[in-house]
Amino acid sequence: ISSPSELQKLIQNQKLLIQGKVIKESYSKNNKILILNNNLKLLCPNPCPSLLNKEVSAIVKIEFFNNNNYLKILKLNYHK
């Protein structure tokens, strides 16, 4: 997956491997939302480290949240 438009073709709860650079972080109730340089939004359950400007790879599950498709992180890798 390299863009949000490709999420439309996938099904809820499908698992994927996603890679990119974190360009923005925001917060929701129980998650940090990581926005990657390919505009994909990853949900990182709290506590989630600051990953701004870091390259990450993650195994994620597609979830529907706040009228958007999000990618919930199941396993996260990044360089410290």
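All residue numbers refer to positions in the sequence shown, counting from 1.
From I35, atom CD1 reaches atom CG of L52 across 10.5 Å, with rounding to the nearest 0.5 Å. Between the NE2 atom in H79 and the OG atom in S57 there is a gap of 7.5 Å [rounded to 0.5 Å]. Distance CD1/I18 to NZ/K41: 14.5 Å, rounded to 0.5 Å. Between L34 atom CG and K21 atom NZ the span is 14.0 Å, to the nearest 0.5 Å. Distance CG/L71 to CD/Q14: 10.5 Å, rounded to 0.5 Å. The CG atom of L40 lies 11.5 Å from the CD atom of Q19; values are rounded to the nearest 0.5 Å.
Contact annotation: the side chain of I73 never approaches that of N31 to less than 4.5 Å [non-hydrogen atoms, C-beta and beyond]. With contacts defined as side-chain heavy-atom distances shorter than 4.5 Å, the pair L42/V22 does not qualify.
Hydrophobic clustering, with ILVMFWY side chains joined whenever heavy atoms are under 4.5 angstrom apart, groups I23 together with Y70. Hydrophobic clustering keeps L74 apart from L16 (ILVMFWY residues linked when any side-chain heavy atoms are closer than 4.5 Å, directly or through intermediates). With hydrophobic clusters built from ILVMFWY side chains whose heavy atoms lie under 4.5 angstrom apart, I59 does not share a cluster with I62.
N13 meets the side-chain contact (heavy atoms from CB on, under 4.5 Å) test with K61; sequence neighbours excluded.
Between the side chain of E25 and the backbone N or O of L51 there is at least one donor-acceptor pair closer than 3.5 Å. Side-chain atoms of K32 come within 3.5 Å of backbone N or O of P49 as a donor-acceptor pair.
For the pair S3 and S5, the tightest heavy-atom approach, listed with the atom from each and the gap, is OG-OG, 3.0 Å.
Heavy-atom neighbours of K54 NZ from other residues, nucleotides or ligands within 6.0 Å: above the threshold of 12.
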